[in-house]
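Let me begin by presenting the structure, written as structure tokens, before commenting on it.
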Amino acid sequence: PPVLGGQTDVRLNALFDRLQITDNEIEAAAITNLVWAIWHESDNETVNAFMSKGVEEMSSRNFGAAVSSFNKIIEVDPDFAEGWNKRATVYYLIGEYQASIRDIKQTLALEPRQFGALSGLGLVHLALGSGWEALKAFEAALKVNPHLTSPRAHVEELRRHLRGRPT
């Protein structure tokens with residue numbers, strides 16, 4: 001089958017199915033990495049160039065430039081979920097939580113299985129002091145990919161912390 005990249009890639013369904021049934025953590029990690037690689041690829045070379053640039057800028061903590069790069073992706077291909085997800089990450093890192101939530105919602109509208117966006121939503125809600133909302137987001141991430149260690153740790157901690165507290 002053709003390889004499309006992004007959230008429409010034909011390989012993703014089988015990969016997500018396999019994540020649900022494997023109990024081999026090495027296999028799960030390899031699948032998770034492959035899913036991320038697919039999500040980062042587009043059939044549009046302009047999108048790919050801005051993705052590479054934006055990720056590098058984000059890694060260098062050049063957040064303004066990273067937002068600009070991810071803006072370009074969204075302008076060129078507004079249906080490419082990872083452009084929205086990466087911009088949401090930058091917004092989270094600079095404390096623009098409402099902007100991050102808005103971009104996460106768009107990411108999830110395009111790719112409901114985006115476990116990174118779901119986990120990111122949990123982190124945003126933690127930063128906002130919304131424990132129950134964070135718990136729901138982390139649990140949703142684990143439902144898609146039960147092998148994620150950080151969301152699992154957050155779920156365990158939040159369940160202990162929120163036990164007996166009203167929702």
Side-chain angles (χ1 to χ4, degrees), residues 5-9 12 16 19 32-42 44 46-162 165-167:
Q7 74 274 6
T8 59
D9 192 290
L12 288 172
F16 280 108
L19 276 174
T32 298
N33 289 338
L34 181 54
V35 168
W36 275 113
I38 291 169
W39 279 339
H40 277 88
E41 283 297 316
S42 170
N44 183 314
T46 301
V47 168
N48 290 333
F50 279 113
M51 179 61 71
S52 294
K53 187 173 186 278
V55 168
E56 183 178 314
E57 292 161 343
M58 189 169 52
S59 295
S60 300
R61 302 187 61 78
N62 188 352
F63 298 129
V67 167
S68 294
S69 291
F70 299 133
N71 284 343
K72 295 286 189 202
I73 292 171
I74 292 165
E75 289 169 18
V76 170
D77 187 357
D79 293 328
F80 185 68
E82 197 55 26
W84 295 95
N85 186 51
K86 286 293 183 271
R87 191 173 75 176
T89 301
V90 176
Y91 283 146
Y92 166 75
L93 292 170
I94 62 175
E96 301 252 354
Y97 300 131
Q98 294 308 316
S100 183
I101 290 171
R102 187 176 56 248
D103 281 1
I104 289 169
K105 286 181 179 179
Q106 184 60 34
T107 301
L108 295 172
L110 294 166
E111 173 53 283
R113 304 171 297 190
Q114 221 303 359
F115 49 79
L118 290 164
S119 183
L121 185 59
L123 293 173
V124 171
H125 284 302
L126 277 180
L128 292 170
S130 304
W132 287 108
E133 293 301 315
L135 178 61
K136 284 191 254 180
F138 290 129
E139 287 175 336
L142 289 171
K143 187 171 183 177
V144 175
N145 184 346
H147 304 279
L148 300 171
T149 55
S150 181
R152 183 177 299 114
H154 284 298
V155 164
E156 291 169 7
E157 176 63 27
L158 284 164
R159 284 181 181 162
R160 277 193 304 274
H161 178 73
L162 298 171
R165 294 187 182 189
T167 55

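Numbering starts at 1 and runs along the sequence shown.
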Aromatic ring proximity, centroids under 6.0 angstrom, Trp84 and Tyr91: no
Side-chain touch Ser100/Ile104, heavy atoms, less than 4.5 angstrom: yes
Flag, side chain of Ser119 to backbone of Phe115, donor-acceptor distance under 3.5 Å: no
Parallel, tilted or perpendicular: rings of His154 and Phe138 (30°, 60°): parallel
Exercise: identify the closest heavy-atom pair between Arg113 and Val144: O-CG1, 3.2 Å
Side-chain donor or acceptor of Glu133 paired with backbone N/O of Val124 under 3.5 Å: no
Side chain to side chain contact (heavy atoms under 4.5 Å, CB included) assessment of Lys105 paired with Arg102: CA-CA 5 Å; Lys105 286 181 179 179; Arg102 187 176 56 248; 5.9 Å; no
Sidechain-backbone polar pair: Ser68 side chain, Gly64 backbone, donor-acceptor under 3.5 Å: yes
Sidechain-backbone polar pair: Ser60 side chain, Asn62 backbone, donor-acceptor under 3.5 Å: no
Side-chain touch Val55/Met51, heavy atoms, less than 4.5 angstrom: yes
Rounded distance [0.5 Å steps], CG in Leu162 versus CG in Leu135: 6.5 Å
Residue pair Phe80 / Ser42: nearest heavy atoms and the distance that separates them: CE1-CB, 3.8 Å
Shortest non-hydrogen separation from Glu57 to Ser69 and the atoms involved: OE1-OG, 2.7 Å
Spacing of CG belonging to Asn48 relative to CD1 belonging to Ile73, to within rounding of 0.5 Å: 8.5 Å
Glu157/Arg160 ion pair, N-O < 4.0 Å: yes
Backbone of Trp36 reached by a side-chain donor or acceptor of His40 within 3.5 Å: yes
Interatomic spacing from CD1 in Ile38 to CG in Asn33 - rounded to 0.5 Å: 11.0 Å
Beyond-backbone contact of Leu12 with Phe16, side-chain heavy atoms, under 4.5 angstrom: yes
Polar side-chain atom of Glu82 near backbone of Asn85 as donor-acceptor pair, under 3.5 Å: no
Result of checking His125, Glu96, Gln106 against Ile101 for side chain to side chain contact (heavy atoms under 4.5 Å, CB included): His125
Side chain Trp39, main chain Gln114, donor-acceptor under 3.5 Å: no
Derivation of the side chain to side chain contact (heavy atoms under 4.5 Å, CB included) call for Phe70 and Phe50: CA-CA 7 Å; Phe70 299 133; Phe50 279 113; over 6 Å; no
Pairwise side-chain contact, Val35 with Asn145, heavy-atom cut-off 4.5 Å (strictly under): no
Glu139 vs Lys143, salt bridge (charged side-chain N to carboxylate O under 4.0 Å, His left out): CA-CA, chis, key distance, verdict: CA-CA 6 Å; Glu139 287 175 336; Lys143 187 171 183 177; over 6 Å; no
Whether Thr107 side chain and Asp103 backbone form a donor-acceptor pair below 3.5 Å: yes
Gap separating the CG atom of Asp79 from the CD1 atom of Ile74, nearest 0.5 angstrom: 11.5 Å
Shortest non-hydrogen contact from Ala134 toward Gly122: CB-O, 3.4 Å
Approximate separation, where rounding is to 0.5 Å, of Glu75 CD and Thr46 OG1: 12.0 Å
For Pro78 against Leu110, the heavy-atom pair lying closest together: O-CD1, 3.6 Å
Contact summary for Ala81 and Gln7, nearest pair of heavy atoms: N-OE1, 3.1 Å
Non-hydrogen side-chain atoms of Glu156 and Arg159 separated by less than 4.5 Å: no
